[in-house]
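Report on the following structure.
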Amino acid sequence: MVHSEVVYEKTEWHRVYLFYVFFELALGVFLGILGFSNLGKTGEASGWHLVLSVILLVWAVVLFCIGSRLEIRVTGENLEVTLGLGWKNKTIPLPAMESLKAVAVPFMDRKNRKDAWCCGPMALQISYNDDEVFRLGTSEPDVLASVLKKDRPGIPLEEAEPAGSN
């Protein structure tokens with residue numbers, strides 16, 4: 001990513017992923033302790049505890065690296081988004097943006113990760129390049145929208161639907 005002057009920067013954490021990471025870490029450590037405590041005893045099968053512990057600990061690290069963090073950055077020319085530790089990046093030029101809209105993200109969309117860029121209950125929906133729509137999950141979509149509007153004054157901000165509507 002080309003970096004010019006950073007106007008806005010925010011890091012969001014995906015709480016569901018963090019829950020999975022901490023749960024797997026705790027379970028992996030518990031199984032590791034259980035496996036090591038039974039290592040020298042006759043008749044005790046501790047090997048599978050250790051193997052499962054290693055698998056859980058490695059998977060917890062992988063989950064943390066690929067999807068628990070979302071970094072949002074607005075420069076003078078682009079909106080830059082990075083998921084995880086950089087495995088997935090997206091850059092949208094500010095002149096290509098056509099409209100902005102604060103939207104609520106249903107829990108199942110966040111849980112199933114159909115829209116990997118949403119980490120919380122709110123998102124900023126960005127329409128760009130005539131037909132593309134990008135939902136960027138942030139805890140403060142209004143602040144992000146105002147920063148984008150300041151850098152690109154002609155972009156319209158659509159009203160969000162009231163809560164509870166379909």
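Treat the numbers as computed from the prediction; the structure is a model and nothing was measured.
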Of the non-hydrogen atoms in [X] and [Y], which two are nearest, and what is the gap between them?
X: G76; Y: V7; value: N-CG2, 4.2 Å
X: G137; Y: E12; value: O-CG, 4.0 Å
X: T82; Y: G86; value: CG2-CA, 3.4 Å

In the structure I gave you, are the side-chain heavy atoms of [X] and [Y] within less than 4.5 Å of one another anywhere?
X: L124; Y: R135; value: no
X: S68; Y: R15; value: no
X: V51; Y: H49; value: no
X: L70; Y: W13; value: no
X: L85; Y: I66; value: no
X: E5; Y: T75; value: no
X: D151; Y: V74; value: yes
X: L94; Y: N78; value: no

As an exercise, state the distance from [atom1] of [X] to [atom2] of [Y], rounded to the nearest 0.5 Å.
X: Y17; Y: L63; atom1: OH; atom2: CG; answer: 6.0 Å
X: K150; Y: I155; atom1: NZ; atom2: CD1; answer: 15.0 Å
X: I126; Y: K90; atom1: CD1; atom2: NZ; answer: 9.5 Å
X: K10; Y: I72; atom1: NZ; atom2: CD1; answer: 8.0 Å

Open item on the list: Using the side-chain hydrogen bond (donor to acceptor under 3.5 Å, both in side chains) criterion, which residues pair with E132? Sequence neighbours excluded.
Closed with: Y128
- [ ] For S53, enumerate each residue passing the side-chain hydrogen bond (donor to acceptor under 3.5 Å, both in side chains) test, keeping only those at least two apart in sequence or located in another chain.
- [x] none
Task: Flag, side chain of Q125 to backbone of L100, donor-acceptor distance under 3.5 Å - done: no
Open item on the list: Taking M97's backbone N and O only, do any of them form a donor-acceptor pair with R152's side chain (distance below 3.5 Å, no angle check)?
Closed with: yes
TODO: Just do the side-chain contact (heavy atoms from CB on, under 4.5 Å) check on I92 and N129 with the steps written out, would you?
DONE: CA-CA 10 Å; I92 301 174; N129 291 342; over 6 Å; no
Give the table of side-chain donor-acceptor pairs shorter than 3.5 Å for residues 21-35, with sequence neighbours excluded, one pair per line with atom names and distance.
{"from": "E24", "atom 1": "OE1", "to": "A60", "atom 2": "N", "distance (Å)": "3.4"}

TODO: Kindly work out whether a path of hydrophobic side-chain contacts (I/L/V/M/F/W/Y, heavy atoms less than 4.5 Å apart) joins L56 to V61.
DONE: no
Open item on the list: With a 4.5 Å cut-off on side-chain heavy-atom distances among I, L, V, M, F, W and Y, is there a chain of contacts connecting L144 to V133?
Closed with: no
Open item on the list: Determine whether F134 and V81 satisfy the following criterion, side-chain contact (heavy atoms from CB on, under 4.5 Å), listing intermediate values before the conclusion.
Closed with: CA-CA 11 Å; F134 177 65; V81 185; 4.3 Å; yes
Task: side-chain contact (heavy atoms from CB on, under 4.5 Å) assessment of R69 paired with H14 - done: CA-CA 6 Å; R69 184 180 83 129; H14 194 288; over 6 Å; no
